[in-house]
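Please read these numbers as outputs of a predicted model, since none were measured by experiment. Here is the naming used below: chain letters follow the sequence lines, and residue numbers restart at 1 for every chain.
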There are 4 protein chains.
Amino acid sequence: MRVIARRGMTAATMQEIAEEAGVAKGTIYLYFKDRDALVDKTFERAITELLKRIDAALATEGTFEQKLRASLVAKFSYFQEHREFFRLYHALRYPEGKRRTQKQYDEQLARMASMIEDAMQSGEIRRMDSKRLALIITEAISAVMIRRVVEENPPPVSADIDLLMDTILDGIRSHS
Amino acid sequence: MRVIARRGMTAATMQEIAEEAGVAKGTIYLYFKDRDALVDKTFERAITELLKRIDAALATEGTFEQKLRASLVAKFSYFQEHREFFRLYHALRYPEGKRRTQKQYDEQLARMASMIEDAMQSGEIRRMDSKRLALIITEAISAVMIRRVVEENPPPVSADIDLLMDTILDGIRSHS
Amino acid sequence: MRVIARRGMTAATMQEIAEEAGVAKGTIYLYFKDRDALVDKTFERAITELLKRIDAALATEGTFEQKLRASLVAKFSYFQEHREFFRLYHALRYPEGKRRTQKQYDEQLARMASMIEDAMQSGEIRRMDSKRLALIITEAISAVMIRRVVEENPPPVSADIDLLMDTILDGIRSHS
Amino acid sequence: MRVIARRGMTAATMQEIAEEAGVAKGTIYLYFKDRDALVDKTFERAITELLKRIDAALATEGTFEQKLRASLVAKFSYFQEHREFFRLYHALRYPEGKRRTQKQYDEQLARMASMIEDAMQSGEIRRMDSKRLALIITEAISAVMIRRVVEENPPPVSADIDLLMDTILDGIRSHS
DNA sequence: CATGAATGAGAATTCATTCAT
DNA sequence: AATGAATGAATTCTCATTCAT
């Protein structure tokens with residue numbers, strides 16, 4: 001995970017992975033059929049943990065706003081702990097050499113869309129294309145989160161979360 | 001450009017690039033110092049054209065809303081013409097193997113931020129962190145645009161543009 | 001034996017041998033110094049059984065013709081039982097990577113040559129180079145026997161044995 | 001060819017082949033897709049030359065005896081020139097694994113069988129199973145020829161040829 | 001200018017062998 | 001005695017780069 005996150009999916013070598021893992025090159029092949037399998041499995045594992053956290057947040061009781069904020073907190077804290085994974089998350093969306101998005105990413109979008117529809121039903125948010133909204137919200141959040149990872153001195157997490165919630169819910173237009 | 005866009009920055013081989021260009025491998029080295037230079041220059045060239053269009057849109061007279069919409073139209077129409085480049089644009093943000101973002105990306109963000117500040121000054125939009133807003137808006141737009149590229153039957157461009165403008169300006173909260 | 005016969009002396013892996021034997025890889029090294037020793041010993045064992053049968057046939061009382069036929073029957077019936085070993089027998093003659101023939105093969109040839117000399121002495125067969133004759137006869141027999149192993153529907157054993165005896169003893173020339 | 005003949009089909013390494021050929025490892029891959037292709041093609045090439053010579057001998061006018069002797073001379077002189085190939089010829093018959101390079105060998109046997117049938121027709125040799133005879137004769141010849149390659153001081157070629165012709169045509173039985 | 005054959009450093013993969021349990 | 005996880009040397013293969021033509 002660390003090596004792939006650091007070097008990227010193509011540049012990571014079996015040698016470096018072995019060294020980082022503290023085993024010999026050959027040992028890796030006892031656990032993964034080949035390099036491809038290793039990358040795939042590693043990728044899946046890294047992302048599964050994140051999605052589990054986000055789903056847990058979305059599953060809590062409360063208003064849409066509360067759930068959205070909770071999922072946002074989950075995402076931010078995950079990357080706070082695993083700064084290196086931002087590149088994996090990045091690749092999740094449009095993996096090299098494939099035109100399709102990753103299944104897990106699409107599933108997460110679908111869950112977000114369904115939550116949005118519920119909120120529309122309850123009148124909490126306006127009626128709009130739920131799938132597109134899910135995409136826009138997810139990526140807006142990711143953008144800030146990924147940016148934080150590479151920033152020397154990012155603002156407090158709460159500031160970014162508040163800004164995102166504020167922008168998503170009320171837009172940027174002035175209402176004076 | 002085509003090969004790099006198709007295969008990705010790491011997977012593109014000099015052989016395939018030469019074939020697509022209709023020249024011999026060696027010939028490439030008459031025009032580029034090495035593979036790195038080729039990738040960098042190609043990347044820059046692909047992106048410069050896009051940024052030029054966006055900047056032109058931003059430079060027009062009018063309200064913030066008008067300029068934002070114009071830049072959005074520019075971006076969408078560019079990728080309508082160059083579907084394959086979405087992967088390059090993708091890489092623009094966090095190039096493999098580097099922790100830094102690409103200079104051009106940061107510059108574009110800065111221009112957007114300064115436009116946002118002008119709009120805040122004029123009272124057109126609320127006072128918020130302009131840099132973060134620039135990031136959020138840019139990425140929300142990119143998310144939809146990139147998604148369109150891989151969609152079989154994307155909705156009409158105007159629908160996506162309207163949705164984005166609407167969401168960015170007014171948020172998703174219901175005001176009944 | 002089975003694995004080496006099936007895969008060949010070079011392609012057989014310790015892993016597959018261990019699996020077929022129902023033991024762990026490491027266990028093999030309690031019984032054989034290394035892979036080379038295993039292959040050599042296995043080879044020897046497989047061939048010793050065959051040579052014992054042939055020698056028994058040659059040791060019976062009777063005319064040269066009777067003894068030759070008996071040894072032929074022994075050889076054919078052995079490979080009838082152990083079809084997979086033909087590849088081992090094949091390697092017996094000119095082992096890969098060595099220029100020398102296998103000792104046991106040479107010894108068998110020598111025994112055959114001495115039997116031929118006895119038959120010359122007794123006037124049963126013509127005076128010719130006994131060593132070359134032993135070689136020619138042995139290989140002619142092997143050729144048919146090996147061919148039988150790979151044939152879908154080989155002719156009856158007796159037909160092949162009769163043909164070989166006939167050809168060896170009387171040649172192919174017409175005497176009409 | 002030389003390396004494969006010397007080391008065997010499995011033990012020959014790309015490194016040694018490259019060195020013997022006086023090129024770099026990578027260069028080989030410009031001419032052969034992979035190791036397998038190299039071995040197959042090399043093998044085929046080595047054998048084609050031999051079979052061409054034998055066929056030329058068989059195609060001459062004359063009695064069966066004359067043609068057989070001519071083909072025998074061809075075979076002996078080929079291996080006189082290319083001593084190292086005996087191992088390739090050896091492998092031709094029952095290649096490790098189950099490669100189908102065997103085809104050329106089978107074709108040659110078929111040609112020999114058809115020549116034998118002609119000789120039976122003309123009454124020059126006795127009526128017997130022509131396919132089995134072709135096999136027996138071919139392998140008897142090969143046996144002597146291969147043995148010559150590994151012998152320190154082989155007898156004169158003519159002696160071996162005479163012995164083979166004599167044995168094949170008239171058998172070993174005494175007619176006193 | 002252009003070529004493309006040749007290069008060789010570097011990466012992935014295999015497998016005989018070891019050794020702590 | 002037996003195990004099998006771990007090792008790493010050896011091998012195949014890729015591809016950016018060079019250079020004689």
Side-chain angles (χ1 to χ4, degrees), chain A residues 3-4 7-19 21-39, chain B residues 3-4 7-19 21-40 42, chain C residues 3-4 7-19 21-40 42, chain D residues 3-4 7-19 21-39:
Chain A
V3 176
I4 291 177
R7 296 274 184 240
M9 304 181 69
T10 22
T13 71
M14 297 304 272
Q15 182 59 59
E16 190 174 357
I17 292 168
E19 270 162 26
V23 299
K25 259 183 302 174
T27 307
I28 299 177
Y29 289 87
L30 297 178
Y31 299 92
F32 301 96
K33 192 196 166 305
D34 55 17
R35 195 182 177 287
D36 256 24
L38 176 141
V39 171
Chain B
V3 175
I4 291 177
R7 296 268 184 247
M9 304 181 67
T10 21
T13 70
M14 298 302 272
Q15 183 59 56
E16 190 174 356
I17 292 168
E19 271 163 25
V23 299
K25 255 185 304 181
T27 309
I28 298 177
Y29 288 86
L30 298 176
Y31 297 92
F32 299 96
K33 188 194 168 301
D34 56 17
R35 192 182 180 282
D36 260 19
L38 176 141
V39 170
D40 283 359
T42 300
Chain C
V3 176
I4 292 177
R7 296 268 183 246
M9 304 182 67
T10 22
T13 70
M14 297 302 274
Q15 183 58 57
E16 191 174 355
I17 292 168
E19 270 164 26
V23 299
K25 256 185 302 181
T27 309
I28 298 177
Y29 288 86
L30 299 176
Y31 298 93
F32 299 97
K33 189 191 169 305
D34 56 17
R35 193 180 178 284
D36 261 18
L38 176 141
V39 170
D40 283 359
T42 300
Chain D
V3 176
I4 291 176
R7 295 274 184 240
M9 304 180 70
T10 22
T13 71
M14 298 303 272
Q15 182 60 59
E16 189 174 358
I17 292 168
E19 269 162 26
V23 299
K25 258 182 306 173
T27 308
I28 299 176
Y29 289 87
L30 298 177
Y31 298 93
F32 301 96
K33 192 196 166 303
D34 56 17
R35 194 182 177 286
D36 254 26
L38 176 141
V39 171

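Atom CD in A:Gln15 sits roughly 13 Å away from atom C1' in E:dT13 (whole-Å rounding). One atom, CZ of A:Arg35, and another, P of F:dC13, lie 18 Å apart when rounded to the nearest Å. Going from atom CD1 of B:Ile17 over to atom P of F:dT17 covers 11 Å, rounded to whole Å. B:Leu38 has its CG atom 14 Å from the C1' atom of F:dC15, to the nearest Å. The interatomic distance linking D:Tyr29 (OH) with E:dA9 (P) rounds to 16 Å, in whole Å. As rounded to whole Å, 14 Å separates atom C1' of F:dC15 from atom CG of B:Asp34. One interatomic measurement links the two molecules: CG of C:Asp36 to P of E:dA16, which rounds to 11 Å at whole-angstrom precision. Remark: P of E:dA16 and CZ of C:Phe32 are 14 Å apart, rounded to the nearest angstrom.
Rounding to the nearest 0.5 Å places CD1 of C:Ile4 at 10.5 Å from OG1 of C:Thr13. Rounding to the nearest 0.5 Å gives a distance of 4.0 Å between CZ of D:Arg7 and CD of D:Glu16. Distance CG/C:Asp40 to CE/C:Met9: 6.5 Å, rounded to 0.5 Å. The structure places CD1 of B:Ile17 at 9.0 Å from CZ of B:Phe32, a figure rounded to the nearest 0.5 Å.
The minimum heavy-atom distance linking D:Arg35 with D:Thr10 is given by the pair NH2-O, 3.2 Å. Closest non-hydrogen pair, B:Leu38 versus B:Thr42, comes out as O-OG1, 2.6 Å. Across all their heavy atoms, B:Ala18 and B:Ala24 have their closest contact at CB-C, 3.9 Å.
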## Note on the structure
B/S/- along nucleotides 1-6 of chain E (protein heavy atoms under 4.0 Å) is SBBBSB
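Comparing the P positions of F:dT21 and E:dC1 gives an interatomic distance of 22 Å, to the nearest angstrom.
Proximity note for B:Thr13 (side chain, C-beta onward) versus E:dT18, F:dA16, F:dC13: the nearest is F:dA16.
Base-pair partner of E:dG8: F:dC15 (Watson-Crick or G-U wobble, both distances under 3.5 Å). Searching all strands for a Watson-Crick or G-U wobble partner of F:dA10 with both distances below 3.5 Å returns E:dT13. Pair assignment for F:dA20 gives E:dT3, based on Watson-Crick or G-U wobble hydrogen-bonding distances that are each under 3.5 Å.
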